[in-house]
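Worksheet: one structure, shown below.
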Amino acid sequence: MAEFRFNALKEVLSRKPQEVKREDILTSDFFGVSVFDRPKMKKYLSKEAYKAVVDAVDSGTTIDRKMADQVAQGMKSWAVENRATHYTHWFHPLTDGTAEKHDAFIVHGENGGVVESFSGSVLAQQEPDASSFPSGGIRQTFEARGYTAWDPSSPAFVVDGTLTIPTIFVSYTGEALDYKTPLLRSLRAIDEAATVVCQYFDKNVTKVYANLGWEQEYFLIDEALFMARPDLMLTGRTLMGHASAKDQQLDDHYFSSIPTRVYRYMEDLENEGYKLGIPLKTRHNEVAPNQFELAPIYEEANLANDHNQLIMDVMKKVARRHNFRVLFHEKPFAGINGSGKHNNWSLATDTGVNLLSPGKNPKSNLQFLTFLINIIKAVYDHQDLLRASIISASNSHRLGANEAPPSIISVFLGTEVSKMLDLMEESVVDRKMTPDEKTALKLNIGRIPEILLDNTDRNRTSPFAFTGNRFEFRAVGSSANCSSGLIALNSAVAAQLKKFSAKVDTLIEKNVRKDEAIFQVLKKLIIDCKPIRFDGNGYSEDWVVEAESRGLTNILSVPKALEAFMSPEVKELFKFVEVYDEIELEGRAEVEYEKYFKNIQIEARVLGDLAINHIVPTAVRYQTMLLENVRNLKEVFSEAEYNQLAAGRKELIKEIGGHVSSIKALVKEMVEARKVANKIEDSIDKAEAYDVSVRPFLEEIRYHIDRLELTVDNELWPLPKYRELLFVR
Ligand code: ADP
Ligand code: MG
């Protein structure tokens with residue numbers, strides 16, 4: 001059997017990826033074949049080099065030059081055996097997507113030939129020109145160099161003949177220019193702060209990990225139709241298009257049987273993902289037509305995020321093999337559901353305990369409640385930062401659009417967990433508790449696993465929901481790098497845990513017993529963060545009103561939401577947990593403002609072009625046909641008959657004329673508004689100007705185009721319509 005499987009494996013691996021079939025082989029047989037994971041390191045590295053890497057990953061020790069050389073040798077041997085000819089440092093710049101620059105392994109050899117070579121210094125560090133990546137002004141033009149540095153905690157892999165090494169990307173002066181650097185810092189911060197808190201409950205805990213399980217929503221569009229929509233090609237979304245008569249009204253797409261062509265795409269994609277060690281688990285149809293979801297088994301957050309970025313890239317590549325294009329835009333089609341990325345997030349110890357899962361006894365349940373309550377408080381205190389971390393021009397179309405979380409950040413806990421917090425709030429007293437009081441409280445806390453077992457209430461309308469053993473941050477956009485939300489969340493929670501342990505320690509120093517100290521501090525937190533707890537319908541109008549009365553913020557404008565990055569509290573927070581210094585934070589905000597106005601600028605240009613050179617000429621042509629028709633009618637019919645017949649035509653001619661005039665006038669005004677905005681130097685003011693005076697034109701112009709789409713002869717209409725884009729599969 002083993003022999004058979006081995007031969008099958010060899011045979012399958014020698015085929016082109018698209019020829020690999022599920023039935024030929026077990027997933028576990030080829031899972032991770034393209035990854036330089038621990039088993040392969042063990043095989044290709046010396047004992048000491050292997051230990052150096054493992055220690056670096058598990059305990060953060062550094063790998064010296066000599067060891068790096070050894071690791072590089074082993075990595076190269078493995079990569080070359082796996083048909084790699086090139087290597088690249090792979091990083092997450094502040095754009096959407098990843099960056100890579102390939103170099104061949106070759107160096108000059110003897111007698112004019114070349115030999116394959118790869119050294120520790122090349123593995124550890126590279127100096128790409130940073131000047132063409134967004135830095136928000138951090139990187140001075142006189143020092144264009146940036147550094148990429150190897151992140152051993154995320155294993156290297158071979159993809160398309162290239163050994164790919166996950167790296168961080170920093171400026172010459174050491175500031176982060178990417179998503180991974182601050183993510184790693186935030187993971188270290190949460191590890192340190194959470195480990196201290198765990199020590200109250202279990203002295204054996206020495207490390208706390210954040211886990212991430214992302215759910216990736218996306219649309220697939222037939223490639224030919226995609227190519228015929230310049231707006232989709234250039235902006236990722238349709239800037240015009242009347243709703244299809246049928247779209248998602250019948251709820252007949254969600255979880256329905258996967259269309260065959262899509263299924264083949266998914267299968268191909270999963271095979272590629274498995275080779276790269278990505279534990280893809282779930283695939284299904286989503287709510288909107290042609291919308292789908294992909295989710296893996298959760299992993300350590302840094303690795304999970306690399307896997308998300310990697311699979312997004314693979315998704316795009318594999319789509320082309322199947323003549324599809326994949327859309328990650330949060331709202332590619334108006335009027336139907338958009339795509340999000342749900343970040344399922346939890347904390348786990350090196351002793352194997354999920355800190356967001358209730359335990360078997362009162363002590364571990366108190367630990368669970370401690371983390372739960374501190375997280376809620378962190379979300380309450382930093383709701384504006386969390387919003388700023390996930391908002392973007394594209395995600396702003398989705399948030400609050402009746403299908404996606406509102407722009408009000410709230411926490412869903414479910415009835416039973418909520419009751420437990422209410423009970424703690426009532427029963428903890430600010431004095432030494434009597435043994436009876438304590439027993440009663442502990443008894444109640446001990447009940448948590450039971451109540452969670454029956455607790456099936458789920459709430460799909462909450463941006464931040466507790467789902468039994470994790471929190472689910474649902475406001476994240478489908479095109480986003482998961483890190484931006486994670487950095488904010490990890491940092492806020494780390495800071496809160498630090499404050500919590502400081503308070504508990506102070507009480508303990510005053511001779512309050514440890515468990516009572518914990519109870520007392522938790523009680524205060526429960527009271528403080530009450531306004532953020534909301535179990536009701538997050539999509540309702542009533543919630544907007546109620547949230548306001550609770551003092552929660554609700555910010556719809558992207559530039560306004562981004563202001564949170566510059567607030568004194570947020571600066572203080574990132575300094576406190578050592579995730580961003582002030583320069584980095586300002587640079588980050590600057591990049592977001594720039595992305596925002598550039599995005600609107602591109603959309604405005606594309607819409608202007610399409611309106612004037614696609615839509616207006618088409619409408620005028622149809623209008624001319626109608627005019628000719630009216631003239632012909634006059635020749636053929638008597639005056640009375642003509643008057644009757646021509647009346648409707650004339651109305652239509654006028655209606656078309658009205659829309660055409662409006663489009664031309666609005667495009668002109670939009671261009672003027674853009675000119676004014678473009679003169680503004682400061683990016684914040686410029687983003688604001690684009691938001692207030694350019695963005696509204698996109699909707700206004702679209703209105704007239706969509707009306708014309710309904711009137712103009714279908715044969716003349718120059719763009720594929722929603723009914724085609726959404727139903728060809
Ligand atoms: P849903 O019911 O929300 O569709 P699933 O059960 O499919 O969710 O899980 C969604 C994601 O949550 C998956 O990626 C899964 O691995 C992840 N997940 C499950 N448990 C945890 C956990 N403890 N920490 C982080 N992510 C988790
Ligand atoms: Mg989910």
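When a ligand or atom number is given, it counts from 1 through the structure's own listing order. Keep in mind that the numbers below use all heavy atoms, side chains included, and drop hydrogens, waters and symmetry copies. Nothing fancy with the numbering, it's 1 onward along the sequence.
- Cation-pi check for R283 over F292 is not met; the charged atom does not lie both under 6.0 angstrom from the ring centroid and within 45 degrees of its normal.
- Here the straight-line distance linking atom NZ of K363 with atom OH of Y200 works out to 14.0 Å at 0.5 Å rounding.
- No part of K281 comes within 4.0 Å of ligand 1, judged by heavy-atom distances.
- One side chain, T206 or D350, offers a donor N or O that lies under 3.5 Å from an acceptor on the other.
- Contact check on R264 versus D268 returns no salt bridge, with no Lys/Arg side-chain nitrogen under 4.0 Å from an Asp/Glu carboxylate oxygen.
- Remark: ligand 1 atoms within the under-4.0 Å shell around heavy atoms of P296 are 13 (C), 14 (O), 15 (C), 16 (O).
- Cation-pi geometry between K498 and F576 is met: the NZ or CZ atom falls under 6.0 Å from the ring centre, inside 45° of the normal.
- Ion pair R321/E272 flagged as a salt bridge, since at least one NZ, NE, NH1 or NH2 atom sits closer than 4.0 Å to an Asp/Glu carboxylate oxygen.
- Contacts between N354 and ligand 1 below 4.0 angstrom, taking non-hydrogen atoms only, involve the side chain exclusively.
- Residue pairs meeting the salt bridge (charged side-chain N to carboxylate O under 4.0 Å, His left out) criterion with at least one partner in residues 202-211, sequence neighbours excluded, are D191-K207.
- Residue-ligand proximity, I297 to ligand 1, at heavy-atom distances under 4.0 Å covers atoms 16 (O).
- With distances taken over non-hydrogen atoms, the option nearest atom 11 (C) of ligand 1 out of L347, T282, N469, N344 is N344.
- Those atoms of ligand 1 that come under 4.0 Å of a heavy atom in W214, given as number and element, are 14 (O).
- Remark: among candidates E215, H284, R474, the nearest residue to atom 4 (O) of ligand 1 is E215, based on non-hydrogen atoms.
- For a threshold of 3.5 Å applied to N or O pairs, the pair formed by S346 and ligand 1 contains at least one separation below that value.
- The shortest N or O to N or O distance between L212 and ligand 1 is not below 3.5 Å.
- At a heavy-atom distance under 4.0 Å, no atom of H342 approaches ligand 1.
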